[in-house]
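Nothing fancy with the numbering, it's 1 onward along the sequence.
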Amino acid sequence: MKLLVLGCLGWCLCQSAALGDHGKDFALLDDYYLPDVLGGTLIGNLDWASLEGDDELAFEQGFLLGVAPRLAAGLTFRFTDNGDGSWDYDSITPSLQCQLTSPQSDFPIRLALSVSYTFAEDRDGHSHDDDGHSHASGAGDIPCGPTYGPDALPCDHPLVLAGLGDHSHGEDAHYHAHDGIHRHGENAFRARLIAQADLNAHLLMVANLIAVLPEDGGPAWGYGIGIRHAFNHDYAVGVEATGDFANDGEHTILAGFYYTATHALTFKLAAGARLTDDESSPTLVGGYTWRF
């Protein structure tokens, strides 16, 4: 699986050539560039995926503010809709990113480090074991019963006991767990080592080494890699992927289109797939980046 993803990215790198002086223009990756001191960036993303026939939506709204030379602080809010038509608050994530190498350096590779901590809203009583697999923390801890709606499953229902049912929306709803670096809905420390190479005036290549250390369970490691080709200031295309180093992990690969309406505002739309050993699920990511 990883060889297929990396092979596709390698082919695209050979075929295309991204002007990367804006920052935060990728759908999945973190890049090197940061706002100036007291400058900022607003970032909004809407993700859709079809998992086992069910729609999963996630909306993230965040900002990044330059607080010192080569240092920025950020905050991101996440909301999710697991197919029942209602949006739920999922988490808040404060972050820091610093440029490890000088922007004035002539060295072709620029390095940065991003660290964050996700404070998640715990509604389902799920935890993760040392292998990162989701399971129920016990029937007594799981929200169920009439308090959560007329269609809620009883606490002794097999789906509830197995940790598979959405206890607030009836038997037809589903709980989608993501493990490894793609996990969400739980407290976790996250870090990315960022490497960026401006290969020429039009071609940008970015790689991320990703670590996720959840509050419950063992650490997860993964990769992110992407390229972006700018035809001019207004239009660009790119391809990017993230994935787990674990053999049974999840991978996401996207091809994206970027439109810079003004120097401050960029819109992005990317389509691709989430890949596991068991299934392939289509996914879309749309969003904007506004620099001020």
Has [X] got a side-chain atom pairing as donor or acceptor with [Y]'s backbone, closer than 3.5 angstrom?
{"X": "Asp244", "Y": "Gly222", "result": "no"}
{"X": "Gln99", "Y": "Tyr32", "result": "yes"}
{"X": "Lys268", "Y": "Ala27", "result": "no"}
{"X": "Asp198", "Y": "Asn200", "result": "no"}
{"X": "Thr276", "Y": "Asp278", "result": "yes"}
{"X": "Gln97", "Y": "Asp31", "result": "yes"}
{"X": "His251", "Y": "Leu275", "result": "no"}
{"X": "Asn232", "Y": "Tyr235", "result": "yes"}
{"X": "Asp47", "Y": "Ala58", "result": "no"}

Any donor-acceptor N or O pair under 3.5 Å, side chains [X], [Y]:
{"X": "Asp55", "Y": "Trp48", "result": "yes"}
{"X": "Thr118", "Y": "Thr93", "result": "yes"}
{"X": "Thr266", "Y": "Thr260", "result": "yes"}
{"X": "Arg110", "Y": "Ser102", "result": "no"}

With a 4.5 Å heavy-atom cut-off, do [X] and [Y] have their side chains touching?
{"X": "Tyr117", "Y": "Arg190", "answer": "no"}
{"X": "His184", "Y": "Asp90", "answer": "yes"}
{"X": "Ile194", "Y": "Ser114", "answer": "yes"}
{"X": "Cys98", "Y": "Arg70", "answer": "no"}
{"X": "Phe245", "Y": "Ile181", "answer": "no"}

| Derivation of the side chain to side chain contact (heavy atoms under 4.5 Å, CB included) call for Ile227 and Glu240 | CA-CA 6 Å; Ile227 57 172; Glu240 55 189 297; over 6 Å; no
Problem set entry | Aromatic ring pairing His233/His263, orientation class (parallel under 30°, perpendicular over 60°, tilted between) |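 Rings of His233 and His263: parallel, under 30°.
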* To do: Would you please classify the geometry between the Phe77 ring and the Phe79 ring as parallel, tilted or perpendicular, with 30° and 60° separating the classes?
  =>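 Ring orientation, 0 to 90° scale: parallel.
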With side chain to side chain contact (heavy atoms under 4.5 Å, CB included) as the test, would you mind laying out the steps for Asn208 and Thr242 before giving the verdict?
CA-CA 9 Å; Asn208 291 177; Thr242 61; over 6 Å; no
| task | Begin with the C-alpha distance, continue with both residues' side-chain angles, and end with the deciding distance and a verdict on side chain to side chain contact (heavy atoms under 4.5 Å, CB included) for Gln196 and Tyr33. | result | CA-CA 9 Å; Gln196 177 169 309; Tyr33 292 104; 2.7 Å; yes
> Between Leu42 and Gln61, which heavy-atom pair has the shortest distance, and what is it?
Replying inline: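 Of all heavy-atom pairs spanning Leu42 and Gln61, the closest is CD2-NE2, 4.2 Å.
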Which of Phe257, Tyr258, Tyr288 passes side chain to side chain contact (heavy atoms under 4.5 Å, CB included) with Phe267? Answer is Tyr288
Between Glu121 and Arg78 (salt bridge meaning N to carboxylate O under 4.0 Å), is one present in this structure?
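Arg78 and Glu121: not salt-bridged.
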field: Hphob cluster co-occupancy, Leu57 + Phe59, side-chain heavy atoms under 4.5 angstrom
entry: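 Leu57 clusters together with Phe59.
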